Structure formats: C-alpha cells, structure tokens
Amino acid sequence: MNKPLHEEIIEISKKKDPMASTLLKDLKGVLQFVSECDGYFPTSKCEVKSSVFGGLGLYAVCDLKEGETLLQLPKSCVFSASNSSVANLLVDGEIDGMLALIIAFIYETSIFKEKSHWYPYLKSVRIAEENELYLPPNLWDSHSKIALKGSTLDTLHHGLDEEEEVQQGYEIALNLARQWNAELGWSIPEPYFNSFQHFVAVAYAISSRVFEIDNYHESALVPVADLFNHKAHRDGPHVRFVSLYEVCSDCGEPGMCRHLVAEAAQEREDEAAAVNEQHHDDGVIDTQMIEELEGQEDETSEVQEKGLLNNVHPDECVDIVVTRDVPKGQEIFNSYGELSNALLLARYGFCVEDNPWDMVYLGNDLLKLLKDKELKIRAKWWDFIGYELYQNWCALNKEDDDEEEGDKDEYDSDDSEEEQEGKRSWLSEVFVDHRGSPSSSMKALLNLLALSRRDWDKLRAIEKDVESLGNKIGILDMQLNRISSKILLRLVTARQQKLSSPSEIRNPSARLMLQSEHEILQKAQENLRKC
C-alpha cells in the first residue's frame, strides 16, 4: 500500500525560497483535508515536491497518458463564497463575485479558523513572505513603479494605475465588517481591514489560485489543483481543469433539482393557463395539450455514471485531466492561458522565462508618429475602413493561424486609450512578438504608412469599389519594405532607449519581464537590419 503523500515528500533545505518551505509545511494539512473529503489524488501517478521554477510543483511518478485523471474532488471540497460560513450573509448583503470570495476567505481564516471546514487548506494560501505583502505592481514603491514606466505592463495593461474598483470593494467590505461587528458581535478581522494593502494582498493571492467552477459556486479555490505551476508552451499545458458549469444556481445540483422541478412545474402551469385563455372565448380547452405539458418526462435526467469517488456522481466533482503525455519525472504544468509576461505579472504576480506569448507594445510610440499630417490621414482611413477590411480579407484568404489568433485575443487592452484616440480597436495589436516580429495587423499598418502616393490612391479607391476590396487590400500583407522597416526600426529603437534597465528593479519577476522586453526589442532590431 502506498504511503500517504505527505509522508513521501522530500524535505527541502532551509536555504531554499522561504515561501516554498512554508507551503511545504502546510502541505500535510492540505492533503489530509483532501483525504477527509474523500478526494481522489493518486500518489502512484504524481507527487508534490520542490520545483526548479520555485515553490512546489507536481511531478509525474510514472509515464502519464492523455485522458488520465490526476485529481477528482467533490465540489463540497472547493471553497467558494456560496458554500462558506458567511454565504447567507453575503447574499443578504447582495455581495457576489470575487469580492464575495475575498470576504469569505478573510472571515474563514481570521474569525472561524479551526472551526472552519476549509481551514486546513485555506491557511496554506499565503499573502506575504517574511512579513512582506505580495502586492500588484500598482502598489509597489515609487522607485519600482518608475522603473516599470513605459513597459508593456504600463502602456498596454495600465498595471501601474490605481484600481478604483478594488478601492470600492475594500470600502464595501469594511462597511460590511462593521455591520457584522455591530449585529453579530464578530470582531473586525485584522489586519485586513486596518490596511488597504492587506486587503489587496488577499485579492492578489486569490486571483492567482482561483478556478471557475459553475454557475452556483462561480469562482472558487480548489485544493491541490492550485499546486500545478504555469508554463507557457506552444504545445499547450499538460492538464486541464474540468467542471460541469450548468448546474442549479440556487443549490448547485446538476440535473433536475427541486428548484428546477418547481420552475418547470410553474412553466407548465403558465403554458396551460395560456392555452386555457386562448380558447376561453369558445369555451373549448385543449385538454390534450395540457396533459402533454404536465406529463412531459424529464429530458435532463442524468444516467448514474460511476466516477472515481464512491457515492459521488462525476457531475458533482471537479477534475484535473491529462491533455498530453507526460514522461516520468517531468513536472506537470497547467496554464493560465497564452499570456504575455506583462499580463502574468499584472494579474498573478509572476513571469516565465522564454515565454512564447511575450511581446512589446508599441502603440503609444506609434501614436506619436501618427501626428504627422500625411500619416494621420492614412491612420484615419485605417481607423474607419482599412483595419476591418484587412481583417475580413485575412479571414477569407488565409488558413486559420493559431498564433495570430492568440495575438488578437490575448493582447487586448483596456478601453481608455482607445476612447481617447477614437475608433482604434486595432491599437492593442501594435506590438512585436517574442521573435521580434511585428504582429500581422501592425505589419499591414506599417505597409500602409509606407505606400507610394500612387498605391495609396489605388487603395483608397476601395471606398468607391467595395466589391474589389479583396485584391486591393491584400497589398498590405506583403513583407516590410525599406520604408516600412525604417519606421518600425525607429519605433523599436525609441522604445528600447526609454525602457529601464532590469537592474533598476528589485522584484525578480519584474526584472525578468524587463529583460525579456529588452531581448525582444534587440531581436527586432537585428531582424530589421537584415532587411
């Protein structure tokens, strides 16, 4: 018989990252919690130990094949606002979403503590290291924020700006804490409501671990599932998170629970009443239709499949499932998505080396260039007709390209910049990618700016001859020429000169992000000088 996983874990030297040691110390409680919840976590397939990327990670004990399940937990094991000790109070206060989860976490770990069902797991969620809070970049010291000025985190994702929504959430939570203190006699949790930064640290920690469960639990924390580290890889992650989302929003049960049965019964009554009213004038009631409505069988009844857990239907569980083969001894990675380092740092507080989704945003630099009168005219045409036509042309004339689709979906920025500049939904696509190459949309725009007067006049004729737009707009899809390359080189050089040195910042993730941006810009310069 296999030993409990917590007895098999290799002790980590005290010279390792203190955060990793703390998590290791708490791991026994997490695994015991999963065991007490009758969760499935096979030690014969994977083990938890120190990761070369820092902290803890999960490693394959044997060769893993696509489709294998590495974790299955009943949904009663996950921690959400909906199943927390303050769930009803949050509903009464009309608090939901991430704010509800943050408040629930604070009360579960500071007021209820050992009385809480989830405490053995929740206490492993750390918000500080050696008394230094984990905070988003917009709450770092002024020196660090200055060093990040002009980076993609700043210019595209606005990661250094104050977040009014978070401040409002803090004030709502504080008022609620005072209300519960007065009405229920609960202490106001410290230090979370003595310091805005402590509250934000909780939100930041939770955002890096949260999973979307279903339309009852919404977002929740999932034991063990949050131990899988993120790695950016073009082949995709090794595992995926699985959960049936469509459940009853009132109780969380799949299939026809009492709430849905009551709702269906009411709908049948309403439909029968409508039939009755329709035939009221002639006194004829379509009794056959009413009988059919009342006698309808439940089409959503579930077949009682047997899962990995005794007496728990698979639809009432969450799973971690292998999506591609993993050789023995390799760390098993999940993924937050195809995210750049700037977005990873802004949302989750970390970056990864050699990130294939990394990029450097050049939108602000390009806007300065477009103040030139002639270029401004072409940019306005791109705003109102060119960009959309080019996107349609790409869809019709090119095969689906996962890389380009990732570019378009992933690097979407906030609306403030676009609102200031008018109709410029394309602005977020003005970047050079991990290889130092411009995005397809940026390349097309650069080619537009570099067109000769004759070609520019031909292109503008699209406005009068829309049917021939396909052949004409395709001229923008050519390789960069000498003029368009020169424009891009100017943008890249200007950005590199303004970007701070990685050595100017203390945070290791921010240093990695800045280093990556410098390397991308260097690659772009080398590529352009070869043109």
Side-chain angles (χ1 to χ4, degrees), residues 133-167 197 200-201 203-205 207-208 230-232 335-368 406-418 420-421 427-434 436 438-439 442 491-492 494-524:
L133 294 172
Y134 292 110
L135 294 171
N138 67 337
L139 290 177
W140 290 358
D141 62 88
S142 58
H143 176 78
S144 297
K145 291 171 70 173
I146 290 173
L148 291 176
K149 276 289 184 182
S151 67
T152 300
L153 177 139
D154 172 37
T155 56
L156 178 60
H157 303 299
H158 308 289
L160 300 180
D161 297 351
E162 293 184 5
E163 297 182 75
E164 293 183 5
E165 187 176 337
V166 178
Q167 179 66 47
Q197 291 195 343
V200 174
Y204 203 40
S207 71
S208 68
H230 165 89
K231 186 176 182 181
S335 175
Y336 288 85
E338 297 170 358
L339 308 181
S340 67
N341 276 342
L343 202 49
L344 285 172
L345 182 59
R347 290 183 180 176
Y348 308 118
F350 70 91
C351 297
V352 294
E353 294 183 1
D354 195 28
N355 184 347
W357 314 113
D358 211 3
M359 43 82 82
V360 178
Y361 178 64
L362 299 174
N364 290 4
D365 303 88
L366 181 63
L367 288 177
K368 295 177 182 178
D407 289 345
K408 181 178 179 182
D409 293 342
E410 194 48 54
Y411 304 115
D412 192 19
S413 70
D414 296 335
D415 291 333
S416 56
E417 183 87 30
E418 295 171 9
Q420 293 172 9
E421 296 300 329
L427 195 58
S428 61
E429 298 179 43
V430 179
F431 63 86
V432 287
D433 63 20
H434 179 250
S439 67
M442 185 179 187
L491 295 173
V492 167
R495 173 51 38 213
Q496 188 167 47
Q497 290 175 347
K498 295 176 182 177
L499 197 62
S500 298
S501 169
S503 62
E504 295 181 23
I505 196 163
R506 185 165 60 96
N507 183 280
S509 292
R511 283 202 305 271
L512 179 58
M513 183 195 71
L514 288 175
Q515 180 62 39
S516 177
E517 293 204 11
H518 276 286
E519 291 173 356
I520 289 172
L521 293 171
Q522 183 62 38
K523 290 177 185 177

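The shown structure was predicted, so the numbers you read here are calculated from the model rather than taken from an experiment. Start at 1 with the first residue, then count along the sequence.
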| task | Evaluate side chain to side chain contact (heavy atoms under 4.5 Å, CB included) for Leu491 paired with Met442, printing each intermediate quantity in order. | result | CA-CA 12 Å; Leu491 295 173; Met442 185 179 187; 3.8 Å; yes
| task | Could you check Asp161 against Asn138 for side chain to side chain contact (heavy atoms under 4.5 Å, CB included), going step by step and ending with a plain yes or no? | result | CA-CA 6 Å; Asp161 297 351; Asn138 67 337; over 6 Å; no
| request: Any chance you could lay out the side chain to side chain contact (heavy atoms under 4.5 Å, CB included) test for Met359 and Leu156, step after step, and finish with the verdict? | output: CA-CA 11 Å; Met359 43 82 82; Leu156 178 60; 3.9 Å; yes
| Is there a side chain to side chain contact (heavy atoms under 4.5 Å, CB included) between Asn355 and Leu344 once you walk through the steps? | CA-CA 11 Å; Asn355 184 347; Leu344 285 172; 4.0 Å; yes
| message | Please evaluate residues Asn364 and Thr155 with respect to the criterion side chain to side chain donor-acceptor pair (under 3.5 Å), reporting the C-alpha separation (whole Å), side-chain torsions for both, the decisive distance (0.1 Å), and the verdict. | response | CA-CA 7 Å; Asn364 290 4; Thr155 56; 4.9 Å; no
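Put simply, the side chain of Tyr204 does not reach to within 4.5 Å of the side chain of Leu139, judged on heavy atoms. Under the 4.5 Å side-chain criterion, counting only non-hydrogen atoms from C-beta, Pro137 is in contact with Leu148. For the pair His230/Val352, a side-chain contact is recorded, criterion being any heavy-atom separation below 4.5 Å from C-beta on. Side-chain contact check for Ser340 versus His157: some heavy-atom pair is nearer than 4.5 Å. In this structure the side chain of Glu517 reaches within 4.5 angstrom of the side chain of Met513, judged on heavy atoms.
For Ser500 (side chain) and Ala147 (main-chain N/O), a donor-acceptor pair under 3.5 Å exists by modelled atom type.
For residues 496-515, the pairs satisfying salt bridge (Lys or Arg N to Asp or Glu O under 4.0 Å) are Glu132-Arg506, with sequence neighbours left out. Counting only residues at least two apart or on different chains, no salt bridge (Lys or Arg N to Asp or Glu O under 4.0 Å) pair has a member in residues 139-157.
Results of the side chain to side chain contact (heavy atoms under 4.5 Å, CB included) test with Leu367 over Leu427, Val430, Leu362 single out Leu427 as the only residue that passes.
The side chain to side chain donor-acceptor pair (under 3.5 Å) test applied to Ser151 returns no partner, not counting sequence neighbours.
Between Tyr336 and Phe350, the ring center distance clears the sub-6.0 Å criterion.
If you check the side chains of Gln515 and Glu519, you find a donor sitting under 3.5 Å from an acceptor.
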